[in-house]
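Just so you know, these numbers use all the heavy atoms, side chains as well, and skip hydrogens, waters and symmetry mates.
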Amino acid sequence: MATQTKPVLYGYFRSSCSWRVRIAFALKGIEYDQVPVNLIKDGGQQHTELFGAVNPMKQVPAVKIDGVTLCQSLAVIQYIEETRPGPRLLPADPKTRAKVRMISDLIASGIQPVQNLSVLQKLGEDKAQWAQHFIDRGFQALEPILKETAGKYCVGDEISMADCCLVPQVYNAERFKVDLEQFPTIKRLNQTLLEMEAFKVSHPSRQPDTPPDLQA
């Protein structure tokens, strides 16, 4: 699909949902512009009237692409899958495609939201323990699923949307000191994926809004 302008990603360097989209853009070879939205500064720039006009939910990411504004990372990834060439992020086989969506949704709906910044900010001193508990609980479910579906990547030997979701969630797990030794399949897949250029260039340590002390 020919386009006149590059997509614009409104995101935050350490937002796992924004990182999913950055990975997908990189895998597809899509050039895009970034508008950083600092989720911490001044009480959170996502709460401004200006950003609320972009995404009424006041969350990142939001993407302006092909004359529309899309929010929710999986919706963005599936849109670029349907409109852009490059490596497939959703397999052609219906059963395999359903497995990719299942894993993606397990992470994006079942794990990440309960350890999201907006939730943790309501918890005070218990936020780290809370996040660790719910990521660990989610990984206890995810590990046996991936043990059955994985090859080189989350589902077989082709990269997919599930891989775009896994790596940012493992990053969160490491931030909150989840013991990854209990999850050997998750750990192996994460290590493999982080060697790929698309995951390197999209990493939180290499973004325009990454603070100097966190830059790679």
Side-chain angles (χ1 to χ4, degrees), residues 1-3 7 9 11 15-30 32 55 57 59-116 134-135 137-173 183-199 202:
M1 177 181 289
T3 55
L9 168 64
S15 157
S16 58
C17 302
S18 300
W19 190 4
R20 295 171 197 155
V21 174
R22 296 196 303 261
I23 294 167
F25 278 150
L27 287 169
K28 289 280 192 180
I30 299 171
Y32 62 100
N55 181 5
M57 194 65 179
Q59 296 176 336
V60 294
V63 174
K64 290 187 176 181
I65 184 170
D66 300 341
V68 297
T69 302
L70 301 174
C71 54
Q72 299 301 323
S73 60
L74 299 192
V76 174
I77 293 171
Q78 291 179 79
Y79 177 78
I80 66 173
E81 169 69 4
E82 294 167 357
T83 61
R84 300 302 194 274
R88 294 186 63 95
L89 300 180
L90 288 169
D93 174 69
K95 290 181 180 178
T96 310
R97 187 163 64 245
K99 290 177 183 178
V100 168
R101 286 179 166 145
M102 173 183 70
I103 293 165
S104 301
D105 282 334
L106 190 156
I107 295 169
S109 300
I111 302 177
Q112 190 274 335
V114 290
Q115 53 93 120
N116 196 22
F134 282 104
I135 296 172
R137 188 186 74 166
F139 278 12
Q140 294 287 350
L142 183 59
E143 173 70 18
I145 291 172
L146 289 174
K147 190 174 181 180
E148 289 191 4
T149 64
K152 184 176 181 181
Y153 305 120
C154 283
V155 180
D157 295 327
E158 294 185 5
I159 204 86
S160 73
M161 181 169 68
D163 300 291
C164 298
C165 294
L166 179 69
V167 169
Q169 190 58 56
V170 175
Y171 178 86
N172 286 345
F183 310 116
T185 310
I186 291 173
K187 183 178 178 180
R188 172 182 66 80
L189 291 167
N190 184 64
Q191 290 172 338
T192 297
L193 291 163
L194 284 174
E195 292 299 313
M196 297 182 64
E197 187 63 20
F199 289 81
S202 60

Between [atom1] of [X] and [atom2] of [Y], what distance do you get to the nearest 0.5 Å?
X	Y	atom1	atom2	result
Asn190	Cys154	CG	SG	9.5 Å
Thr192	Leu166	OG1	CG	10.5 Å
Ile159	Leu89	CD1	CG	8.5 Å

Item to complete: Sorted by first residue and then second, give each side chain to side chain donor-acceptor pair (under 3.5 Å) pair with at least one member in residues 97-108; sequence neighbours left out.
Response: Gln78-Arg101
Worksheet item: With sequence neighbours left out, what residues match Glu81 under salt bridge (charged side-chain N to carboxylate O under 4.0 Å, His left out)?
Response: Lys28
Response to the item:
Sorted by chain and number, sequence neighbours left out, salt bridge (charged side-chain N to carboxylate O under 4.0 Å, His left out) with Lys152 holds for none
Discussion item. Suppose we screen for side-chain hydrogen bond (donor to acceptor under 3.5 Å, both in side chains). Which residues come up paired with Gln191, at least two apart in sequence or across chains?
Written reply: none
Item to complete: Taking the side chain as every heavy atom from C-beta outward, state whether Val167 and Tyr171 have any atom pair closer than 4.5 Å.
Response: no
Show the atom names and distances, to 0.1 Å, of all donor-acceptor pairs under 3.5 Å that link a side chain in residues 138-147 to residues at least two apart or in another chain.
unit_1	atom_1	unit_2	atom_2	d
Gln140	NE2	Asp136	OD1	3.4
Gln140	NE2	Gln182	OE1	3.1
Glu143	OE1	Thr185	N	3.3
Glu143	OE1	Ile186	N	3.1
Glu143	OE2	Thr185	N	2.9
Glu143	OE2	Thr185	OG1	2.7

Practice prompt. Kindly check if the number of other-residue, nucleotide or ligand heavy atoms within 6.0 Å of CE (Met102) is above 12?
Written response: yes
Worksheet item: In terms of heavy-atom contacts, does CD of Glu197 have more than 12 from other residues, nucleotides or ligands at under 6.0 Å?
Response: yes
Item to complete: For Val63, check side-chain contact (heavy atoms from CB on, under 4.5 Å) against everything at least two apart and list the hits.
Response: Pro7, Leu9, Val21, Phe25, Ile65, Val76
